[in-house]
Amino acid sequence: MIAHSRDTMNIEEIVQDLNQRKETLQLGGGQEKIDRQHEAGSLSARERIGALLDQDSFQESGLFAKHRCTNFGMTDKEMAADGVVTGAGSVNGRLVHLASQDFTVVGGSAGEAHCNKIVQMMQSSLKTGSPFIMINDSGGARIQEGIDSLSGYGKVFYNNVMLSGVVPQISIICGPCAGGAAYSPALTDFIIQTRAARMFITGPSVIKAVTGEVVTAEDLGGPIAQMNNSGVVHFIAEDDLDAIAICKRLMSFLPSNNLEDSPQLEADDIIIPDKALNSVIPLDPKQRYDVREVIGHIMDNADFMEVQSSFAPNIVIGFARLQGRAVGIVANQPNVMAGVLDINASDKAARFIRFCNAFNIPLITFVDVPGFLPGVEQEYGGIIRHGAKMLFAYAAATVPKITVVLRKAYGGAYLAMCSKDLDADRVVSWPSAEIAVMGADGAVDIIFRNEIKKAEDPAARRQELVQEYRETFATPYAAAAHFQVDDIIEPAETRRYLAMSLDFLHSKREFRPQKKHGLIPL
Ligand code: HXC
């Protein structure tokens, strides 16, 4: 900074003074601390923004913002941009607002001014209908600012809720994200966590003091723990650049706000039947296969962006495109626990269904489900209320809903996977499907118990009855006769069927009774 009085400066000196001030502030906590970030394999807050946004598209706000804290020797403490870089820019030509916490400035800790800057960007997102992206790298509430930093976080949480369902909110966790601060990402739509980042409400030392449990920071709050065990995280990134690439890819499937459709890509008009689909799944309902293979055959360029791939892997969710249109996919995964629905699978799918519904993304559901998982642990864990989330989310969704029954579709789980009665717009079945209250073996043991017992050859009689039940109910024809299934199609024709359905349903409008909000079972 030039040490002249402004009264004696000419315009060149004033501009030079401005530029020097900016340069200093843009260095955050200083080159030495930035170098330390680099040595740890991380980018700086500004480098992350540079990698995310289109070249020269960043317009910063609040570079000169300053804290007002006078406690603990803070009065004269310089904190560049108050530890968070905020502004607007574009990602592949689309407007976003963002905040990137700067760990080099007092550990990216969040005080009053820091939070006010974030909140202003969130409100700009809301006013302009543009996604909000928050890059987290922070020691949490700035301890010196006491209640003011807590209040700041409170405002961030409140605005997360205001934005929810109006504009997509994406959190990228690149460093620490601890304490109550972790609740802001939890209130957003998607969390991308790098391998080096750590998220938890209370860290290992507090846990040891309170419960005596010993755990490393990685085992507690690393991305694998927060994806596989808790289902908090949606994507694991190798490093900062990978996290940003994931964020950009994710955005390509999303609209900018709830009044728009997702960007549509060019597509070929002609769809060639894919005969490989006819043999992609085993006919025997007990044999496993990877449902992602089915998805790959049907979606554009076999391009499927799976969400929460290692949490509740017995259900698969994610985004893809069909004839250039973005769709949300929910599919039972027969490769894991036979694709059964349990507590975590229900939570995972229900949340995704609600996201797609909020942002006008049609839902395609692939069904191959033996039922809900039996067991004391599941009952005590509340499978009734968790499973009910699936029913609630599908029934409440008004986006186009298309269901493809691939193979098994039994009982309550068949209903929960977006059946006709939950207001699916199309339900189509492959000819080998079995739609029934339960599998033939279980059904026969219940309804023909006495008859089997009395038979001369119980085993043979049981087998006969199983066969009879199969032929009566374990086909899609009974369901089609009762109009629970719109059509039965050759698997090879699935892509064409879905593309036509999406086309016809594009103008779908559905009005529901006015209410403040429904009460999804939690
Ligand atoms: C003020 C903080 C800070 C904080 C870190 N710093 N966290 N300053 N408030 N919350 C400062 C440090 O004093 C240090 O300043 C600099 O940031 C870097 O921190 P280091 O400890 O040197 O870095 P590192 O070893 O990498 O450890 C990072 C860390 C650790 C794991 C984040 O700093 C840490 O545990 N911080 C406290 C985390 C925490 O308990 N937060 C909860 C706050 S309460 P100098 O000047 O030396 O560079 C909370 C509740 C929120 O968040 C509620 C919202 C509802």
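If you read the sequence from its start, that first residue is 1, and numbering goes on from there. Atoms within a ligand are numbered from 1 in the order they appear, just like the ligands themselves. Model, not experiment: these values are computed from the prediction.
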Exercise. What do the steps show when you test Phe355 against Phe190 for ring-ring contact (aromatic ring centres under 6.0 Å, His included), and what is the final call?
Worked result: CA-CA 10 Å; Phe355 176 84; Phe190 294 101; 4.8 Å; yes
Exercise. With Phe352, which residues qualify under ring-ring contact (aromatic ring centres under 6.0 Å, His included), at least two apart?
Worked result: Phe319
Exercise. Cut-off 3.5 Å, side chains only: do Glu47 and His38 have a donor facing an acceptor?
Worked result: yes
Check each N or O atom of ligand 1 against all protein N or O atoms and list the pairs under 3.5 Å, with atom names and distances to 0.1 Å, one per line.
unit_1, atom_1, unit_2, atom_2, d
ligand 1, 9 (N), Ile143, N, 3.1
ligand 1, 10 (N), Gly139, O, 3.1
ligand 1, 10 (N), Ala141, O, 2.9
ligand 1, 17 (O), Gly107, N, 3.0
ligand 1, 41 (N), Gly139, O, 2.7
ligand 1, 48 (O), Lys33, NZ, 3.2
ligand 1, 52 (O), Ala141, N, 3.0

Exercise. Could Arg351 and Asp347 be called an ion pair, given the rule that one side-chain N must be under 4.0 Å from one carboxylate O?
Worked result: no
Problem set entry | Least distance between heavy atoms, Arg198 atom then Phe200 atom | CB-CE2, 4.0 Å
Problem set entry | Side-chain H-bond candidate by donor/acceptor type, Asn19 with Gln16, under 3.5 Å | no
